[in-house]
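Every chain is numbered from 1 and lettered A, B, ... according to where its sequence line falls, protein lines coming before strand lines.
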Amino acid sequence: MRVEVSPAIEPEELTAGAEVVLAGWVDSRREHGGALIFIDLRDREGITQLVFDLEDCPREVVDAAERLRGEDVIAVTGAVRMRDGGPNPRLQTGEVELVVRKLTVLNKAQTPPFHPTDKDSVPNEELRLKHRYLDLRRPRMQEILRTRHKVLQTARRYFDENGFLEVETPVLYKSTPEGAREFILPSRLQPGMWYALPQSPQLFKQILMVAGCDRYMQICRCFRDEDPRADRQAEFSQIDLEMSFVEREDVMAMMEGFVRRLWKDVMHIDVPPLQRMTYQEAMDRFGIDRPDTRYALEIADVSDLARRTEFGVFQSALAKKGGVVRVIRVPGGADKLTRKITDGYQEFVKTFGAGGAPMVKVTPAGFETGIAKFLEPIRAELTQRLSLQPGDVLLFGADAYPVAVKALGELRQKVARDMGLVPEWGKAWNFLWVVDFPMFARDEESRRWVAMHHPFTAPRADQQKAFVDADPSNENVIGAMVSAGYDIVLNGSEIAGGSVRIHDPAVQSKVFSLLGLSPEQAQEKFSFLLEALKFGAPPHAGIAFGLDRLIMHLCGTENIRDVIAFPKTQIGSDLMTGAPGAVTPEQLKDLHVAAAVRPA
RNA sequence: GGGGCGGUAGCUCAAUUGGUUAGAGUACCGGACUGUCGAUCCGGUGGUUGCGGGUUCGAGUCCCGUCCGCCUCGCCA
């Protein structure tokens, strides 16, 4: 049987009398004595009301309609007519109904564990993931799938228009144990050897530049075997890009254009030119390298004043190497932040390594509660410097700089939520370029340098020469080197990150050696890149967008699983397919692998 | 590896200090009903309170363990 699948009636079909064929799922049924039955027929596009009426339909059609239940799949033929009972303004097709002449039940459905269009409640996520085919029928999920499609199409169109070539890179790759933990796969043909799934196509895209591709794009899957978060999943997607013969500004302009196009096409919003902020400024003012600038609550330095107090916590913090005292002023916090809430903040900052978050309230009479008495000697100056008003709450962070700003940066976001300062979705789109990241960060445990971005990131253009000349043993000099990296931050979430790459083998060697990789080790791991760089590598730079996070923003969801058709749980299970699963001893034997643990 | 929240009917939830036969809405089944649109009305089926152990005269409730889901610290070059 041939079914014309265009179920919800299109506007041009809204003319009475048109004969159409519709197919879809039974959404709901309203029955009046068996002589008059209404069925809401649902498909991807929406809902159309079907009417089965003894006055218009053969008896057997009405009888068959009586046996229909939710999620049955049917096809119907009939005439469109204006509704007798008045329009339903809540339906797009609410003016009309289809008088069914012929009904075909394409497939009966068991009673589903939940109803895709239940308006009262969303089923438990475990159940949604187990029956994802039902979950994806929900209009909200259909909308997300559609937005995701739109983003993919817009990306392909925009980058095609700008001369980018879509190239696919391998998924079976080589283990390069820096960075995130990898998924690995045994080789059958080479006993004892292993592939790894790529954390990103970073090196391939650089090689494509050496290969003369000039401009590359790929919508690719990346794999990182780390614990998930609300916005992180082991298997995720990137819009990956690389350009030759460009500098930082060229890439930034191109990507800004993409973001603007995306928001225009998908949200119908004109994004103004992106603000810029250096890494240092972001850390100083917001305590994080991806500041949410939709609200204030900025961090201020009061180390000099704190030094003049007798408060032991301040004094011991300032005695530390790089010790600081910083503060967040919360306007109106005295009312809204109850004792219970501020007590909670003490525990909260401890998870980020801080000892606590000393607090004080500003009243017309002066400082009260918390550490008020210690602050008395500096009250006037604090009041002036921070423009304090009665009703303010001050939350302090006292520790070595990285610990203090990190704790306050996290606390700032929590306070903003508690104070109701975070605009609801769709009200604010605060895009920001963060630039001038340090090349290296000091890992205190191993007393070694680690790459802030990745080891292929070039120094900022004006620092190239200084970097080559820098004394590797001088921690101050190396620590101060600024890279040509750039991130795009949206409402406090990192949606893209990239850099100008190193195309000079000498610079690349110096980075490797600073990272503690001997020439032999570097050769072992990245020989193909080092080789390629010797054969005429153009200057190149690139970036990658976190596709899933982009979609989250565009759809207003806080959960990455909502924007992935078939996502995994916290422990990496696919509740629908049951992955991961056991394999047979024969499979292991073929792969020359012995399991050290048997599944429980 | 650590911290927190949750798991009760197919689904969404309730159940007082540990106390009678674990309830409601919805779905499902049966009946009534010719213009509904979350149809309505009447009746009914439906429970290993995630699982295992313990305390107690008595456990959905308290304790221990465990599984699953979510949030989070560490981790994510």
With the sugar-phosphate defined as primed atoms, P, OP1 and OP2, and the base as all remaining atoms, what B/S/- string results for nucleotides 69-77 of chain B, 5' to 3', for protein heavy atoms under 4.0 Å? SSSBBBBBB

What contact category does A:Ser28 fall into here, base, sugar-phosphate, or nothing, at under 4.0 angstrom with non-hydrogen atoms? sugar-phosphate

With A:Ser518 via side-chain hydrogen bond (donor to acceptor under 3.5 Å, both in side chains) - residues at least two apart: A:Glu520, A:Gln521

Using atom types as modelled and distance alone, determine if a side-chain donor or acceptor of A:Arg248 lies under 3.5 Å from a backbone N or O of A:Val500. no

Rounded to whole angstroms, how far apart are CD on A:Glu95 and P on B:rU36? 16 Å

How many whole angstroms separate atom CG of A:Leu41 from atom P of B:rC37? 19 Å

Could you give the CD-to-P distance, from A:Glu71 to B:rC11, as a whole number of Å? 16 Å

What is the distance, rounded to the nearest whole Å, between atom CG of A:Asp118 and atom C1' of B:rG25? 11 Å

Determine, for nucleotides 30-35 of chain B in 5'-to-3' order, which nucleotides have protein heavy atoms under 4.0 Å from the base (write B), from only the sugar-phosphate (write S), or from neither (write -). ---BBB

Take A:Pro123 and A:Arg30, find for each the nucleotide of RNA chain B with the closest heavy atom, and name the residue whose nucleotide sits nearer the 5' end. A:Pro123

Ring pair (Phe, Tyr, Trp, His ring centres under 6.0 Å) pairs, two or more places apart, involving residues 124-143 of chain A: A:His131-A:Tyr133

Only counting residues at least two apart or in another chain, list the ones meeting side chain to side chain contact (heavy atoms under 4.5 Å, CB included) with A:Arg59. A:Leu54, A:Asp63

For A:Glu524, I'd like to know if atom CD has over 12 heavy atoms of other residues, nucleotides or ligands within 6.0 Å. no

For A:Lys510, all residues meeting salt bridge (Lys or Arg N to Asp or Glu O under 4.0 Å), sequence neighbours excluded: none

Ion pair check, A:Arg460 and A:Asp436, cut-off under 4.0 Å: yes

